[in-house]
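Data first, discussion second: the structure below is written as structure tokens.
Nothing here was measured: the structure is a model prediction, and the numbers come from that model.
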Amino acid sequence: MKAYCSAVKEKMLELTRLFCIENNIFQRFVIIYKYITLIDKDPITKDILQGIFENTVKVMGEAGQELNEDKFLNVKSEVIHTNEFWVYYSNLKIIYSRMKKIKDCNIADKQEFDDLCRLFSKPYSKDSLKLSFKVINSNIFEQLDQKSFLSEDEDDKKTYFDQKRSILWIKAQKVPIGKQDKIGNAHKLLKYIFIDNKDNLEDDFFYSEIAEDEFDDFDEYKENRQRWKRYHNVCSEVNKKIEDALKIKDFLLFNTGRKGKVKLNKKYL
């Protein structure tokens, strides 16, 4: 859980940073679209947003009779804070919704975009949107940290492959394997080992089996006596990525030949 929460925070901070240095207004809106897509769809941040929403409904309901001029200063701070969160969230959500409409229609609707620009054309608009990122990050990060602290963090003691993000975690250390929009051979090999054979991680995995079950390449493997080199090279590629990231050189243990095989080094499990 700790490693997962850290990865989510890292993505949110990276998009925030990109927004702050971006000068092109359209590209700023693209970054906002990606940011809201991330926090609305990631299971943990989505759950956090739902919790904030439920808390807002609760505290607003409890304070409903108190919100008048005479008693405003005595209202619980939670009412103001949760309401503030949704104001800043809405700033970004409006832009997200308009950009989604443009993207879904697969056409640059100039009028739609011009209207969006006018909506955020004030001299202080960029600063306001920066503040929106800051407020949302602050609220979500606080709860991510709580979840991380309160969990048993069993995943942080393990080695596992995050197939969705194409990231290998070796006892809480992160190794990027591939791009999310492109499934490479290194990703496919780790998916075969960690996902398809998650209950047999200490087994030997023969190149011929990998060729048949994951790469749909068994006929070529039988016909071509040098085909094993393809899988040997993929193993080398994985080890190189891990070495570059963590200075670990022997994560995968593998050999050569038509009866070649690969296995995980037990000291990293």
Side-chain angles (χ1 to χ4, degrees), residues 1-22 28-64 66-67 71-97 99-100 120 124-158 160 162 164-165 167 169-176 180:
M1 176 64 78
K2 183 177 180 180
Y4 185 90
C5 289
S6 295
V8 172
K9 288 172 67 174
E10 184 180 318
K11 286 187 176 184
M12 291 173 66
L13 285 172
E14 176 62 13
L15 289 169
T16 301
R17 185 188 70 80
L18 290 174
F19 178 85
C20 291
I21 64 175
E22 181 58 60
R28 280 188 222 148
F29 291 164
V30 170
I31 293 168
I32 290 172
Y33 173 84
K34 292 179 179 179
Y35 178 85
I36 293 296
T37 298
L38 170 64
I39 64 175
D40 277 1
K41 293 188 176 181
D42 182 273
I44 290 205
T45 52
K46 183 178 180 180
D47 181 62
I48 288 173
L49 288 173
Q50 181 63 34
I52 294 174
F53 173 76
E54 291 172 358
N55 187 55
T56 303
V57 172
K58 178 182 177 181
V59 297
M60 289 297 288
E62 291 176 353
E66 302 177 29
L67 290 177
K71 298 184 178 180
F72 180 76
L73 293 179
N74 295 322
V75 173
K76 291 181 180 179
S77 62
E78 290 94 330
V79 176
I80 298 172
H81 292 157
T82 53
N83 188 55
E84 176 189 55
F85 174 86
W86 292 113
V87 169
Y88 287 110
Y89 175 83
S90 296
N91 285 342
L92 301 189
K93 189 71 171 183
I94 289 169
I95 294 172
Y96 164 83
S97 298
M99 294 298 287
K100 187 175 189 306
F120 295 93
Y124 53 79
S125 291
K126 185 175 181 180
D127 288 336
S128 176
L129 294 175
K130 283 182 182 179
L131 184 56
S132 294
F133 276 92
K134 185 175 182 179
V135 170
I136 295 170
N137 284 352
S138 177
N139 280 268
I140 291 180
F141 288 178
E142 180 180 0
Q143 296 202 40
L144 282 174
D145 290 342
Q146 290 177 14
K147 287 179 179 291
S148 179
F149 177 74
L150 294 173
S151 70
E152 295 182 357
D153 291 332
E154 284 302 315
D155 283 344
D156 297 328
K157 302 173 186 176
K158 297 178 182 179
Y160 66 97
D162 182 342
K164 182 179 178 182
R165 293 172 176 76
I167 294 173
W169 291 96
I170 303 177
K171 299 182 179 179
Q173 297 183 90
K174 176 181 177 182
V175 182
Q180 292 184 42

Q | Non-neighbouring partners of K34 that pass salt bridge (Lys or Arg N to Asp or Glu O under 4.0 Å), sequence neighbours left out | A | none
Q.
Suppose the criterion is salt bridge (charged side-chain N to carboxylate O under 4.0 Å, His left out): which pairs have a residue in residues 130-145, not counting sequence neighbours?
A. K9-D145
Q: Test I140 against every option in I39, I44, V135 by the side-chain contact (heavy atoms from CB on, under 4.5 Å) rule and name the one that passes.
A: I39
**Q.** Minimum-distance pair of heavy atoms, taken over all atoms of E22 and R28
**A.** O-NE, 3.1 Å
**Q.** Test side-chain contact (heavy atoms from CB on, under 4.5 Å) applied to E14 - qualifying residues, sequence neighbours left out
**A.** R17, L18
(Q) Whether the side chain of T45 engages the backbone of K41 through a donor-acceptor N/O pair (distance < 3.5 Å, no angle test) should be reported. (A) no
Q: Can you spot which of K164, K11, R165 makes a salt bridge (charged side-chain N to carboxylate O under 4.0 Å, His left out) with D42?
A: R165
Q: Nearest 0.5 Å please: distance from the CG atom of L38 over to the OH atom of Y33.
A: 12.5 Å
Q: Could you tell me whether the side chain of F85 reaches within less than 4.5 Å of the side chain of L49, counting heavy atoms only?
A: yes
(Q) Under the rule for ring pair (Phe, Tyr, Trp, His ring centres under 6.0 Å), what residues qualify as partners of F133, not counting sequence neighbours? (A) F19, Y35
Q: Quick one: pull up CD1 in I32 and CG in L129 and give me the separation to the nearest 0.5 Å.
A: 5.0 Å
Q: Identify the two heavy atoms, one from N91 and one from S132, that lie closest to each other, and give their separation to 0.1 Å.
A: ND2-OG, 3.3 Å
Q. D47: what forms a side chain to side chain donor-acceptor pair (under 3.5 Å) with it, not counting sequence neighbours?
A. K147
Q) Under the side-chain contact (heavy atoms from CB on, under 4.5 Å) test, which residues partner K93, sequence neighbours left out? A) I36, D40, Y89, Y96, S97
